Structures are given as C-alpha cells and as structure tokens.
> 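Okay, handing you the structure first.
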Amino acid sequence: MTAETPLSPHADGLHIGNSLTREKERFVPINAPYVGMYVCGPTVYSNVHLGNVRTFLTFDVVYRYLLHLGYKVRYVRNITDVGHLTGDTDDGEDKIGKKARLENLEPMEVVQRYTNDFHDVMRVFHILPPSIEPTATGHIVEQIGMISDIIDNGFAYESNGSVYFDVRKFADDHDYGALSGRRIDELQNQTRALEGQNEKRDPLDFALWKKADSSHLMQWPSPWSEGFPGWHLECSVMSTKYLGKTFDIHGGGMDLKFPHHECEIAQNIGAHGGDRPVRYWLHGNMLTVNGRKMSKSEGNGFTPEELITGNHKLLEKGYSPMTVRFFMLQGHYAGTLDFSNPALQAAEKGLERLMSAWGTLNTLQPVEGPEACPDLDALKNRAYAAMNDDFNTPVLIAVLYDAVKAINSMASGRMSVTAEGIALLQALFADFAHDILGLEPEMPEGGGHDRTDGLMEVLCAVRAEAKANKDWATADLIRDRLVELGVQIKDGKDGTSWTFD
RNA sequence: GGUCUGGUGGCCGAGUGGCUAGGCUCAGCUCUGCAAAAGCUGCUACAGCGGUUCGAAUCCGCUCCAGACCUCCA
C-alpha cells in the first residue's frame, strides 16, 4: 500500500465488535487513512502453542483486511521478555528468569530461542510480521518514565522499593473494570488476604515496579530500587510510544482481558489522563480440543510442529499449516473453536476443493456473448459485506464456495462466462483468498517445471492411446502407478489433467 | 462463589424475529470404459421449560450443561 492508495469505498461499512462497549460499532479511525493497532504478543519463555497461533492469526486477518481497504496501518506487536511472573501474580517468579535458571542459560538466550521459534511459527502459518515488534527490555527507560508520571499524578505509590498502582484511588474518578465487567467491590470481596501483600495498600493494587532481590537474574536501576517492571506496564508504554496516547485498535486473547488489559487502561489514564485511550478493543477467543480446554496438564495441547508432523497421540495424522489456517478461519474469531481430527480432515478436503477451483479459474474459456452464470458483482459485494461485519471469515468462505461452484460449472460447460467475468473472479480470489485470508497453494499446481510437464504429457499421450484401443489394463496401470506417486489423474471432456497431492 | 462467553442437523461451524449459510460425511442420480474430479438431489437442526409476538432457533425470564477469567487449590 502506498500513500496514494485511495481508501476503498467499502471502508465505510466496516463494523467491529468492540469488547469495551460490547457493541458492534462502525470503524472510524482517529486519523484516517492512518490506523494504529496494538496486539499483545507472546511471552517468550517456551514454544508457542496453537492457541497463540489462533490469536495472532485473528489479528493477521484484521491487519490484512485493513491494508486491503487502503488504510495505512501501523501494527505493533510486542515481545514480552521480562516482567511476566508465574501465576500472573505480583509475587511469582519471572517466567523467563525461571526458565533461564532451570536450563542454566542467560535470560536473553531463552528470549532469543523462543523468539526465533515464534517467528518460525508465524512464517509457516503465513502470518505477516508487524510494523514494529518492540520488546519490554528495550523500553525500560520509557517504563520508568511512565511510572514517574503515574506517581506524579497521584495514582501510584512507592513501598519498600516497589511501586504499586493505587486502584482504589483510580476508581474514585474512573471506571476500573469497565472492560472486563468487573466491579471493584466484588473484586475486593474475592481477593484473599495474601501473605507478602503487606507492601500494598490494597490487595487490588498491582505492581508497576518490583524491587528485585540479588537472586533475580534480570534487574535494572530505577529511582526506587534495582528491580524490574510489572507485566502490564510494557504494553501501555510501547503502545503509546508508537501509536500515541489515544489509538484505534488494541487486540489480544480473551484471557488477557482481566487483569492485563484492564490494568493497561488504568495505567494509560493514570499517566496521560483522558478517558478512553483505546477506541476499539478486540479479543480473540480460545481454542478447545475435542471439546475440552487445551492445556499442558491434560496432555491435549500440541505445538504447531507436532500438529504438522502428526506426531502426537491425539492426532490421527499431520495437517499442513494452510489446512490449519483455513480451519481456524472457518470459525469466527470471537467464538471458541473446537479442534478435532474430523474437523481438521473436513477442512483439509474443503481447502483442496477451494484451491483446485482457484486453479481451474485460469483454464476457463471466455465467451463473447452474454454469460450464463450467477451475478459475480453480487458475489464480490457479499464478500465485502462479510468482512465488514466484524471480520466474518466463515461467511466470506461461504461466498468463496459459491464462486467455486460457479467456476466448476463453467469449466464443465454448464455455465458460461465472459473474459470480464473471469477477471472479476480472479480478482475475488486474489483479494479475498490470497491477500485477506492469506491462503496460498502449498504445492505448485501442475508442477510448473517444463521437464515434469513434458514427462506427464508423454504419459498421458501413451494412456490416451491405450484408452483409444480399449486397452483398459494399460490405461489403469499408468493411472494407478501415478496415484501411488501422488499424482492424481482426472479425465475430463477436453482431455486429461493432473495434479500433485 | 463472582464476571463473561457459549450451547445449532452424523461432525465442524455461520446467521436473521417470518423468506430455513457454508464445509465435511452419508445415500441416490448425471457424467465416465471403470475410477477420480465435477454437477444435481436427499438427510431440515437450533439444550430444556415458560413468556412476549400474528409468527422465535433469533427478544425476555428461569433451569441445566460447557468453557474462559477472578477466587480457591497445587
């Protein structure tokens, strides 16, 4: 996208399900055509799992669609490399520090290893890299600055070298809990009087800065102590640094809604004032497996690599990244999605049919006169309508299948299409299947190598000769042996075509 | 216990107050030497119980169930 790219006329119709208001709202950027989007990235202390992939895939499609509409998107997705404590409490151990200690590594070795893994996974699933991928450790200075601002504004206090956000004070004038639907008094009742909480004025308060003891592997100097920043702080700091004090979209997994995102809002307002630092909050829902929550303790979680190789007891076979991507897009991001072998196999077959018709599109012969096929413009408009309705990819895919049906009918002569119609269909697939859904053929259709093509033509010619002589044994032998090699033979009206599995 | 999100046909999954997505599976048919592919047809669902309505799967209430987060526990 260049600055000259005009905004698509369809951009006006985009509606987004806003978690903050619980309403589907028309998307109006603060400063069109520019859009700022922040998504909470992974904590890099272990391999990413499939639930992570789903979240990042969700926002990948959001990003792709905004780009397609002509927006100039600055997409910031962070890497959490310090501050995320085990148990998500304020007195746990740093997840990365713990891993480093257990494996006798430098914390930054842990960070690098799993950042690399994360990037590899994103790549195989065709998830586009963000515009900026900042790290928490790269923004310690800014985090200290933001803490100072919050203290100056009276919303945080120092206690024994640590700094805590004063939730009660904040809640006097602001709606703490607005995003997650929690009420502060109910939270109060549910919070038990923990040991070691005596540094806090109130159990609801959360850490902005933690004083570190000498055993802590990662620590930095600050006005308050040698220590490290609280987990929620980095996202406030990095989002406002790169997107401004008020920006358009903030995304993340549903599980981050509380307390992480709630605290982010409080921090932003506590530091900069205002009342709504983020216009649209989007939350991707969770992935379940065979109807049960995916978790390591139940042994039903698997890594992307296990999924692709099929090397896991719950997997009947391996599934390609595109199959998984397509499968996930067949459900809406805001709902839970159940991951099962039959569902994956269905997606695999469905994707194959979709891709196959996409390939067929290039072989269609146009007619001169009036075409006999469904209204292709209507198809395109339905595709936009689907995406404009809170990124409804399942409905978009249904529209694409209507196109598939039309293409196959055109190929077999039951329908006809003009050159203009073919171009429209090609644009439909290029825009929606490729650019927006991020689907690509994983194997070159029909080889693409001259020598392979030549060999196949020879074989098909020999087989055609055998068929002409009603030598079915020879014809079937060629076909069966090719199937064993993963080459599928299809006898059509206009001759024989072939595809690789 | 609290907050939130869901419960749709054999499976996965959209959706709107009335005109019953889509994919996969299964059965039949067409095409085909036989297949494969493709097309056509069929299988017609909305957790349960009430209520609102001319009409609800779609709105309201209650019940049951599942999941997430908080809590608890480790």
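Letters go in sequence order (proteins before strands), and every chain restarts at 1. Being a predicted model, the structure only gives us computed values, none of them experimental.
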> Suppose you measure atom C1' in G15(B) against the same atom in G23(B); what distance do you get, rounded to whole Å?
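Approximately 15 Å lies between the C1' atom of G15(B) and that of G23(B).
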> Which pair of non-hydrogen atoms, one from Asp435(A) and one from Arg64(A), has the smallest distance, and what is that distance?
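Closest approach of Asp435(A) to Arg64(A), heavy atoms only: O-NH1, 2.8 Å.
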> Quick one: label Leu337(A) by what it contacts on the DNA or RNA (base, sugar-phosphate, nothing), any heavy atom closer than 4.0 Å.
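Counting heavy atoms under 4.0 Å across all strands, the contact made by Leu337(A) is with sugar-phosphate only.
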> Less than 4.0 angstrom from a charged side-chain N to a carboxylate O is my criterion; do Arg325(A) and Asp60(A) meet it?
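Salt bridge between Arg325(A) and Asp60(A), a charged N being under 4.0 Å from a carboxylate O: yes.
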> Is there a side-chain polar atom (N or O) of Asn285(A) under 4.0 Å from OP1 or OP2 of U5(B)?
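For U5(B), neither OP1 nor OP2 has a side-chain N or O of Asn285(A) closer than 4.0 Å.
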> Say we look at C26(B) and A21(B): how far apart would their P atoms be, to the nearest angstrom?
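Going atom to atom, P in each nucleotide, I get 22 Å.
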> For C69(B), what is the paired nucleotide under Watson-Crick or G-U wobble rules, both distances under 3.5 Å?
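When the pairing criteria are applied, G2(B) turns out to be the nucleotide that pairs with C69(B).
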> Tell me the partner of C64(B), counting only Watson-Crick (N1-N3 plus N6-O4 or O6-N4) or G-U wobble (N1-O2 and O6-N3) with both under 3.5 Å; none if nothing fits.
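Matched C64(B) with G7(B) under the 3.5 Å cut-off.
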> Looking only at side-chain atoms of Lys405(A), point me to the closest of C4(B), C40(B), G13(B).
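In terms of side-chain proximity for Lys405(A), the closest of C4(B), C40(B), G13(B) is C40(B).
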> Is the closest basic N to carboxylate O distance between Asp205(A) and Arg168(A) below 4.0 Å?
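Salt bridge flag = no for Arg168(A) with Asp205(A).
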> Mind checking Ala343(A) for me? I need base, sugar-phosphate or nothing, with any heavy atom below 4.0 Å counting as a touch.
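It contacts sugar-phosphate atoms only.
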> Give a yes or no on whether a salt bridge exists between Asp431(A) and Lys380(A), defined as a side-chain N under 4.0 angstrom from a carboxylate O.
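Salt bridge flag = no for Lys380(A) with Asp431(A).
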> On a whole-Å scale, what distance lies between the C1' atoms belonging to U41(B) and A56(B)?
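Looking at atom C1' only, U41(B) and A56(B) are 30 Å apart.
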> Between G15(B) and Asn392(A), is there an OP1 or OP2 to side-chain N/O distance shorter than 4.0 Å?
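Indeed, a polar side-chain atom of Asn392(A) lies that close.
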> Is the phosphate of G33(B) approached by Arg463(A) (side-chain N or O, under 4.0 Å from OP1 or OP2)?
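Negative; the distance criterion is not met.
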> What integer number of Å spans the C1' atoms of U8(B) and C65(B)?
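After rounding to an integer number of Å, I get 15 Å for this pair.
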> Could you check which nucleotide pairs with U30(B) in any of the strands shown, counting Watson-Crick or G-U wobble with both distances under 3.5 Å?
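Pairing partner, where one exists within any strand: A38(B).
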> Using a cut-off of 4.0 Å on non-hydrogen atoms, how would the nucleic acid contact of Gly335(A) be classed: base, sugar-phosphate, or nothing?
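The residue Gly335(A) makes no contact with any strand.
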> For Glu316(A) and C12(B), give me the distance from atom CD to atom P, rounded to whole Å.
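Value for this atom pair: 14 Å.
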> With a 6.0 Å cut-off on the ring centroids, do His68(A) and Tyr384(A) count as close?
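Close enough - the centres of the two rings lie under 6.0 Å apart.
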> Does Arg201(A) count as lying over the ring of Tyr157(A), i.e. NZ or CZ under 6.0 Å from the six-ring centre, within 45 degrees of the axis?
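Judged by the rule, Arg201(A) and Tyr157(A) form a cation-pi pair.
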> Nearest whole angstrom, please: distance from the P of G13(B) to the CZ of Phe327(A).
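Whole-Å distance recorded here is 6 Å.
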> Does OP1 or OP2 of U30(B) have a side-chain N or O of Arg414(A) closer than 4.0 Å?
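Answer no for this pair, as no side-chain N or O of Arg414(A) is under 4.0 Å from OP1 or OP2.
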> Taking only N and O in the side chain of Lys349(A), is any of them less than 4.0 Å away from OP1 or OP2 of U25(B)?
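Lys349(A) to U25(B) OP1/OP2: side-chain N or O found under 4.0 Å.
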> Atom CG of Leu351(A) and atom P of G22(B): how far apart are they, to the nearest Å?
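Whole-Å distance recorded here is 19 Å.
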> Does U16(B) have a Watson-Crick or wobble partner in any strand here, with both distances under 3.5 angstrom, and which is it?
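Here U16(B) is not engaged in any pair, so there is no nucleotide opposite it.
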> What's the closest nucleotide to the side chain of Val395(A) if the choices are A14(B), G23(B), G39(B)?
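Nearest to the side-chain atoms of Val395(A), counting from C-beta on, is A14(B).
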> Rounding to the closest angstrom, what is the interatomic distance between A47(B) and A57(B) at atom P?
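Approximately 9 Å lies between the P atom of A47(B) and that of A57(B).
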> Kindly point out which of C69(B), C11(B), G39(B) is positioned nearest to the side chain of Phe258(A)?
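Closest nucleotide among those given: C69(B).
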> Using the P atom on both, measure G61(B) against G6(B) and round to a whole Å.
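It works out to 15 Å between them.
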